[in-house]
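Note sheet for the following structure.
Below, chains carry the letters A, B, ... as their sequence lines are ordered, and counting in each starts from 1.
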Number of protein chains: 2
Amino acid sequence: MNDVAAAAGVALKTVSRVVNDEPGVNATTAGRVRAAIERLGYRRNDSARILRRGRTASIGLVIEDVADAFYSSLSQAVEDAALRHGYLLFSGSSREDSARERDLVLAFCSRRVDGLIIVPAGSDHAYLTPESEAGLKVVFADRPPGAGFEADTVLCDNVGGARAGTAHLIAHGHRRIAFLGGSPGIFTAAQRLRGYRQALAAAGLPYDEGLVAMGPPDPARTRADLTRLLAAFDPPTALLAGNGRTTVDTLRALASLSGTADAGLALVGFDDFTLADLLGITVVAQDPVRLGRTAADLLLMRLSGDERPVNRIELGTRLIPRGSGERPPLPRLGRTAG
Amino acid sequence: MNDVAAAAGVALKTVSRVVNDEPGVNATTAGRVRAAIERLGYRRNDSARILRRGRTASIGLVIEDVADAFYSSLSQAVEDAALRHGYLLFSGSSREDSARERDLVLAFCSRRVDGLIIVPAGSDHAYLTPESEAGLKVVFADRPPGAGFEADTVLCDNVGGARAGTAHLIAHGHRRIAFLGGSPGIFTAAQRLRGYRQALAAAGLPYDEGLVAMGPPDPARTRADLTRLLAAFDPPTALLAGNGRTTVDTLRALASLSGTADAGLALVGFDDFTLADLLGITVVAQDPVRLGRTAADLLLMRLSGDERPVNRIELGTRLIPRGSGERPPLPRLGRTAG
DNA sequence: CTGAAAGCGCTAACAC
DNA sequence: GTGTTAGCGCTTTCAG
């Protein structure tokens, strides 16, 4: 900036004014400055600017995994909102590791991001208290913060969605419905299990632990779970898959077990996915774009001075019937009592 | 840092030493400092650090669209490599808009990222010359930089992949093969068209412009293209879809046209996608993770001082037969000449 | 082992 | 309209 000033024969401050489009600079002078900038290939150093102004115009996004369709859609929505408002985006994936979440968050804090959108992997966010007190704005998305930390939160209606999916299967005559969900320690998985149980209870059906299999998405495990379930004395006639990856793993497992007694199993997946329409898979759809946009809007409101009490927003889900969830129970020959 | 120093009864510099794990600090003193840091909730301000050191330990990633599976996989790979080496990642999507690409890149440059990985939307990168001369390291991924700008580049073998896909269809007896590709202005789309033509030429088949439809992925357009192709006097018996989204759009279109004469059309897609296995879709698979990792490794090498001449790496593709590409041509009743 | 002073490149506040 | 000065919070350099 000094060099530019020298080259244009003006003071440092004038260059600053031109660079920042501040009013009160003679058009001719400004032209001379701009020419010098062009000639020298000068680019403002935002690090210095940030240091001086105390505002970075950047926000941090911590999700579980960018390569997952749900989170990449969410990212896209957050990115759009951020860029539209002049914020740059730092992003990182926790990979469901709370230490990595914490490291990312603290690294972003050290960079003095103005705000943070977090899909938490961990359940303790006390480490954010000093930042929050120092004025950092934080919004939690998809999962709430750990107990003891208050912040705006945007969630999907996991309980309602799972309840609706299960009720749908019950309405189609199913009485033995298995639930294949994510790790019970993950908020969304636990909530979906609750919804599943609520629907069973509402229909007067018993809750059978033998019909529940939970854990991190893993094709081999899903296949094993399914094999076990179908080999039982009283196997399920329907499945509720608790998340997108498990739904896909379940489809693969069913395809590979095909020809055996599994065919005709009804299936409802939680979270929509590409080509579910072509495959005829009934799902409880979430709206990751809306989730991301809502979280971003909330954060941007806070960043522009909104001081209202903490929000907790729950977005609805939508059941999309496509065939797999509307199949009636298949009578299982040679296995009925007697 | 001043406050911490005061609270711990030491000088500023000692706090700095502790914060940065520099050697030469008495363990007791260090303990006192750390206690003060904890008590005050102090977090180093990286903006100041960056300003002083002239190195931001961050890299910028500009892709086409995070919500696209290909680019989100690439992102994940880049992110992993970056974090592993202590770099934070700025990311943004150009949405195939060269102005947005430029704005993002320049914003990252203003933040003084140490390096940049770009999937270019535009074809003029002269605007990067000053940065490059100032020491910024740039790697291009998936598509090369515009003429006149030299930089490391990592590509997929688009020509070879499309040639292999087309040759595969020819080997299965097809003579009239349509190509549904992306906008001809996009490097990858143009290269894949070349590969398609090479394969036809190698087999002595004519190139028929009526069998080629190119443009930005759009379900409605794909459907219209397909309808037109199939209604022609001498319709194709096979399709080569030029990218992931078009492959999916093609599948939907074929499904909705189903029952009519389209069934039995052979199909090879370029770029693999989730569930292509279950749907039995033969594809020419790229490896976005490897692409991202290679680009990141290249950049990290440069950042650690590698000054060797510019690299241009081309990653191979892999044809995965799954059924759709192995169907023989279907004789078309009532349409043959005579 | 610890500390004091200078300065990274910019902007805010105030002259002229 | 333009210029001068101070200082953002840190690291570097050099002294104790």
- Output the distance between atom CG (A:Leu51) and atom OG (B:Ser47), rounded to the nearest 0.5 Å. 6.5 Å

- Query: In whole angstroms, how far is the C1' atom of D:dG3 from the CG atom of A:Asn26?
  - Reply: 15 Å

- Expressed in angstrom and rounded to an integer, what is the separation of A:Ile50 atom CD1 from C:dC8 atom P? 19 Å

- Message: Check this for me: A:Glu150, atom CD, are more than 12 non-hydrogen atoms of other residues, nucleotides or ligands nearer than 6.0 Å?
- Response: no

For residues 67-77 of chain A, which side-chain N or O atoms pair as donor and acceptor with protein atoms under 3.5 Å away, sequence neighbours left out?
from: A:Asp68; atom 1: OD1; to: A:Phe70; atom 2: N; distance (Å): 2.9
from: A:Asp68; atom 1: OD2; to: A:Arg245; atom 2: NE; distance (Å): 3.4
from: A:Tyr71; atom 1: OH; to: A:Asp142; atom 2: OD2; distance (Å): 3.3
from: A:Tyr71; atom 1: OH; to: A:Arg143; atom 2: NH2; distance (Å): 3.4
from: A:Ser72; atom 1: OG; to: A:Asp68; atom 2: O; distance (Å): 3.4
from: A:Ser72; atom 1: OG; to: A:Ala69; atom 2: O; distance (Å): 3.2
from: A:Ser73; atom 1: OG; to: A:Ala69; atom 2: O; distance (Å): 3.1
from: A:Ser75; atom 1: OG; to: A:Tyr71; atom 2: O; distance (Å): 3.0
from: A:Gln76; atom 1: OE1; to: B:Arg95; atom 2: NE; distance (Å): 3.4
from: A:Gln76; atom 1: OE1; to: B:Arg95; atom 2: NH2; distance (Å): 3.0
from: A:Gln76; atom 1: NE2; to: B:Asp65; atom 2: OD1; distance (Å): 2.3

- Message: So if I take residues 102-111 of chain A and measure heavy-atom distances to DNA chain D, which residues fall below 4.0 Å?
- Response: none

- Flag yes if more than 12 heavy atoms outside A:Glu314 fall under 6.0 Å of its CD atom; otherwise flag no. yes

- If you measure from CE on B:Met1 to CD1 on B:Ile37, what distance do you get to the nearest 0.5 Å? 7.5 Å

- Message: Check the orientation of A:Phe149 and A:His125. Use parallel for under 30°, tilted for 30 to 60°, and perpendicular for over 60°.
- Response: tilted

- Message: Pairing donors with acceptors under 3.5 angstrom, does anything connect the side chains of A:Ser91 and B:Glu79?
- Response: no

- Message: Donor-acceptor pair, distance only, cut-off 3.5 Å: does the side chain of B:Ser304 make one with the backbone of B:Leu300?
- Response: yes

- Note on the structure: Expected string for nucleotides 6-16 of chain D under the B/S/- scheme (protein heavy atoms, under 4.0 Å, primed atoms plus P, OP1, OP2 as sugar-phosphate) is BBBBBBB----

